[in-house]
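Note that the coordinates shown come from a computational prediction; the quantities given were computed from them, not determined experimentally. Values below: all heavy atoms of this structure, side chains included; hydrogens, waters and symmetry mates excluded. Proteins come first, then strands; the chains are lettered A, B, ... in the order of their sequence lines, and each starts at number 1.
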There are 2 protein chains.
Amino acid sequence: MAITIYDVARDANVSMATVSRVINGNQNVKPSTRRKVLESIERLGYRPNAVARGLASKKTTTVGVIVPDISTSFYGELSRGIADIATMYEYNIILSNSDERPERELELLIDHFGKQVDGLIFMSDAVSEEVREEMTRAPVPIVMAGTIDTQEQFATVNIDYEQAAYESVNKLIENGHTEIVFVTGPLSHDINRIHKLSGYERALKEAGIEMKDEYVIEIEDTYDTAYESWQTIKQLKVQPTAFLTVNSSIAVGILNGIRDEGYSVPDDYEIICYEHSNLTRIVRPQLTSVVVPLYDIGAVAMRLLTKLMNDEEIEDKHINLPYRFAERDSLK
Amino acid sequence: MAITIYDVARDANVSMATVSRVINGNQNVKPSTRRKVLESIERLGYRPNAVARGLASKKTTTVGVIVPDISTSFYGELSRGIADIATMYEYNIILSNSDERPERELELLIDHFGKQVDGLIFMSDAVSEEVREEMTRAPVPIVMAGTIDTQEQFATVNIDYEQAAYESVNKLIENGHTEIVFVTGPLSHDINRIHKLSGYERALKEAGIEMKDEYVIEIEDTYDTAYESWQTIKQLKVQPTAFLTVNSSIAVGILNGIRDEGYSVPDDYEIICYEHSNLTRIVRPQLTSVVVPLYDIGAVAMRLLTKLMNDEEIEDKHINLPYRFAERDSLK
DNA sequence: ATGAAAGCGCTAACAC
DNA sequence: GTGTTAGCGCTTTCAT
């Protein structure tokens with residue numbers, strides 16, 4: 001059996017309340033007593049039991065993190081930002097992968113609440129009604145990171161994806177393009193449909209360029225699918241001359257498709273994409289992109305959560321972080 | 001205040017012991033009683049408090065995971081394997097990043113033990129003495145995943161990195177090379193020094209090729225450092241003709257260095273590397289590599305941990321998984 | 001098959 | 001400044 005606070009109390013000849021005070025840095029302890037207690041703790045090798053503490057205090061200093069897939073660079077980077085700020089505020093993280101499955105997300109929410117997390121960071125490409133409902137009943141604050149809340153009901157941290165798409169397409173238009181393809185992951189993902197696609201459309205409309213349905217290429221969100229999609233794209237009756245893609249993996253898939261058949265980027269085709277990893281700098285030519293500050297989004301989300309957990313005043317629950325363009329070689 | 005087991009007991013007109021039995025699937029409950037209890041649980045929306053349960057039962061169904069950096073593809077993939085098996089056995093995961101700093105690792109171990117994890121998966125590139133000591137005193141089982149335990153003291157899951165290096169270099173030798181450079185991350189990392197470097201040396205020795213100190217290039221473990229390192233390498237007095245690198249990021253750094261100056265792979269230089277991500281398939285030419293089954297290493301490590309936590313018999317604490325070569329275009 | 005009661009190890013009034 | 005005591009919400013003997 002492990003050493004308990006009671007053992008320490010007996011050893012130091014004080015009550016467990018005093019030991020508790022020492023452990024928790026309560027100032028109402030005579031220095032000499034404190035020293036005595038600390039000594040006993042040291043000698044006995046006492047380690048507070050966080051579970052007992054959690055039960056008694058109703059705070060676990062643990063936050064839940066629900067993420068589609070931790071092994072992707074997008075969510076890996078986001079999670080690292082979350083974790084670092086969590087550490088800074090002395091929270092532990094319970095991390096679970098949802099694989100973007102609503103039933104699984106629901107299970108996980110319930111599971112995490114059962115574990116008595118003090119707060120939760122939620123990430124998902126599409127928030128289902130059941131999930132939203134469960135989150136509405138949440139006993140603790142929730143922040144969404146890199147995740148769209150169409151109802152603007154929960155606290156969120158993102159960038160203005162719509163504006164970024166708009167500006168990206170404008171760069172293409174300025175370079176003389178009118179045949180611009182938008183290559184996207186599933187349009188069931190709010191971020192793709194509501195934000196990125198909208199920005200693409202707005203730019204075209206404003207420039208008086210006709211929107212072609214066949215220029216919106218919806219594929220699975222992987223490098224390989226993007227690579228294959230080039231085979232479809234090159235058979236379009238009106239050949240495109242430029243691309244906007246929703247992430248770097250897709251961009252590289254298209255890029256490789258183009259280059260493996262002897263065409264050139266940016267001479268034959270220009271490409272711009274959202275950047276979620278250093279892949280954009282690793283390929284040749286390097287890709288011009290919208291740098292999405294994933295780490296920061298995670299960090300700010302976690303910071304926001306700490307405020308919520310402490311009932312601090314929040315200016316705005318919906319935070320949009322700045323983004324920047326990295327001008328590289330896939331645009332002339 | 002949330003609904004407790006006591007509220008359910010009262011509502012269903014049974015004792016809390018019976019409710020507890022129902023929750024825990026204990027068979028000693030009359031079906032009609034069970035139904036009654038289940039109904040109350042449903043109606044009241046009761047959710048068991050895992051913290052209270054943990055305190056009473058001394059099991060938290062939570063395992064700790066200490067990882068250098070979750071945002072890398074190496075540890076991201078490993079962690080995903082761990083997480084999936086954890087889910088399968090109904091464990092939650094407390095995930096913490098150590099940044100490979102021994103003091104931080106030590107803190108985290110203590111922290112996780114304080115949270116009463118039922119077991120722990122530890123990942124690190126170099127296990128310090130203090131960390132080893134703390135782990136020796138651990139109150140719960142520990143498994144190391146993708147991590148070298150020089151003392152073979154703890155349970156580990158890996159591949160035979162030494163043999164993989166040996167075979168890789170042999171491929172290079174078979175292709176006629178004698179000037180083979182080994183580009184590695186910090187040699188303070190046991191995996192690099194004790195395993196990969198040794199395999200490299202063994203192959204050269206066996207082939208009667210002289211080992212040159214300047215052919216062991218030790219750099220930081222990043223793409224950018226590798227890219228820069230090419231500038232050093234090309235000034236070697238005896239130019240190498242082939243490379244073995246300890247991971248794909250480094251390989252791609254070298255590859256880009258070579259190609260950006262107009263040389264060709266595999267015509268001028270051949271490259272082989274350990275593969276930790278799909279980067280090897282994304283670059284051109286695609287890289288021949290040793291495919292390290294990261295996901296499986298994580299999964300097997302977690303499975304092993306479940307056995308250890310259940311006091312099941314283990315055949316062998318030190319598991320080496322098979323690996324394979326992906327023959328691609330960076331070798332002739 | 002069910003209930004009563006004693007903890008699990010700690011925090012947090014409250015009293016002195 | 002320190003001690004006493006009553007929980008926190010469960011599990012787990014031990015009775016019945």
Side-chain angles (χ1 to χ4, degrees), chain A residues 1-38 40-41 44-62 90 110-111 113-118 139-140, chain B residues 1-38 40-41 44-62 90 110-111 113-118 139-140:
Chain A
M1 188 95 310
I3 310 295
T4 74
I5 199 173
Y6 188 76
D7 299 319
V8 175
R10 191 150 30 86
D11 186 86
N13 255 302
V14 296
S15 73
M16 40 187 300
T18 298
V19 178
S20 176
R21 288 189 187 97
V22 171
I23 295 168
N24 294 295
N26 187 317
Q27 286 310 303
N28 289 339
V29 182
K30 209 198 312 176
S32 67
T33 318
R34 175 185 308 283
R35 208 157 347 94
K36 201 171 53 176
V37 171
L38 254 17
S40 291
I41 288 178
L44 301 179
Y46 167 72
R47 305 276 174 76
N49 179 326
V51 172
R53 186 187 296 219
L55 183 59
S57 69
K58 299 180 159 301
K59 279 178 183 316
T60 56
T61 60
T62 299
E90 308 202 275
I110 293 171
D111 185 27
F113 296 151
K115 291 267 176 168
Q116 312 301 118
V117 295
D118 294 336
V140 294
Chain B
M1 187 95 311
I3 311 297
T4 72
I5 200 173
Y6 189 75
D7 299 318
V8 176
R10 191 149 30 87
D11 185 87
N13 256 301
V14 296
S15 73
M16 41 188 297
T18 299
V19 178
S20 176
R21 288 188 188 100
V22 171
I23 294 168
N24 295 296
N26 186 316
Q27 286 311 303
N28 289 340
V29 182
K30 210 198 311 177
S32 66
T33 315
R34 175 186 309 282
R35 210 160 341 98
K36 201 171 52 174
V37 171
L38 252 16
S40 291
I41 288 178
L44 301 180
Y46 167 71
R47 305 275 174 78
N49 179 324
V51 172
R53 187 188 295 223
L55 184 58
S57 70
K58 299 178 160 302
K59 280 181 183 315
T60 56
T61 60
T62 299
E90 307 203 273
I110 293 171
D111 185 26
F113 295 150
K115 291 268 176 166
Q116 313 301 121
V117 295
D118 294 337
V140 294

CG of B:D118 to NZ of B:K58, rounded to nearest 0.5 Å, is 11.5 Å
Just call it for A:V14: base, sugar-phosphate, or nothing, with non-hydrogen atoms closer than 4.0 Å on any strand. sugar-phosphate
Please report the distance, rounded to the nearest Å, between CZ in B:R21 and C1' in C:dG3. 8 Å
Would you mind listing every side-chain hydrogen bond (donor to acceptor under 3.5 Å, both in side chains) that reaches into residues 23-35 of chain A, with sequence neighbours excluded? A:S20-A:N24, A:N24-A:R53
Which whole-number value in Å describes the distance from A:N49 CG to C:dT11 P? 10 Å
Walk along DNA chain D from 5' to 3' and tell me the first and last nucleotide with an atom closer than 4.0 Å to a non-hydrogen atom of chain A. D:dG1 to D:dG9
With a 4.0 Å cutoff (strictly under), does any side-chain N or O of B:K58 reach OP1 or OP2 of C:dG9? yes
Looking at the side chain of A:P48, which of C:dT2, C:dC10, C:dG7 is the nearest nucleotide? C:dC10
I'd like to check B:V22 versus B:V19 (side-chain heavy atoms, cut-off strictly below 4.5 Å). Are they in contact? no
Establish, with yes or no, whether the OP1 or OP2 oxygen of C:dT11 is under 4.0 angstrom from a side-chain nitrogen or oxygen of A:S20. yes
Please give the angle, rounded to 10 degrees, between the axes at the start and the end of the helix from C:dA1-D:dT16 to C:dC16-D:dG1, where five pairs define each axis. 30°
Can you find a side chain N or O atom of A:Y6 that sits less than 4.0 Å from OP1 or OP2 on C:dG7? no
Closest heavy-atom contact between A:L55 and B:A52? CD1-CB, 3.7 Å
To the nearest Å, give me how far apart CD (B:Q27) and C1' (C:dT2) are. 15 Å
What pair of heavy atoms forms the shortest contact from B:T60 to A:K115, and how long is it? O-NZ, 2.6 Å
Contact check, side chains of B:R47 and A:I110, non-hydrogen atoms, under 4.5 Å: yes
Between A:P31 and A:M16, whichever has its closest DNA chain D nucleotide further toward 5' is A:P31
Short side-chain N/O contact to C:dG9 OP1/OP2 from A:R53, under 4.0 Å: no
How long is the span from the OG1 atom in B:T4 to the CG atom in B:L44, to the nearest 0.5 Å? 9.5 Å
Could you tell me if the side chain of A:Y46 sits less than 4.5 Å from the side chain of A:I23, heavy atoms only? yes
Provide the closest heavy-atom pair for A:S40 versus A:D11 in the form atom of the first, atom of the second, distance. OG-OD2, 2.6 Å
Can you check the A:K59 NZ to C:dT11 P distance for me, whole Å? 14 Å
Picking from C:dC8, C:dT2, C:dA4, which would you name as closest to the side chain of B:A17? C:dA4
For A:T4, answer base if it contacts any base atom (sugar-phosphate contacts may also be present), sugar-phosphate if it contacts only those atoms, and nothing otherwise; contact means non-hydrogen atoms under 4.0 Å. sugar-phosphate
Within the structure shown, what part of the strands sits under 4.0 Å from A:N28 by heavy-atom distance: base, sugar-phosphate, or nothing? base
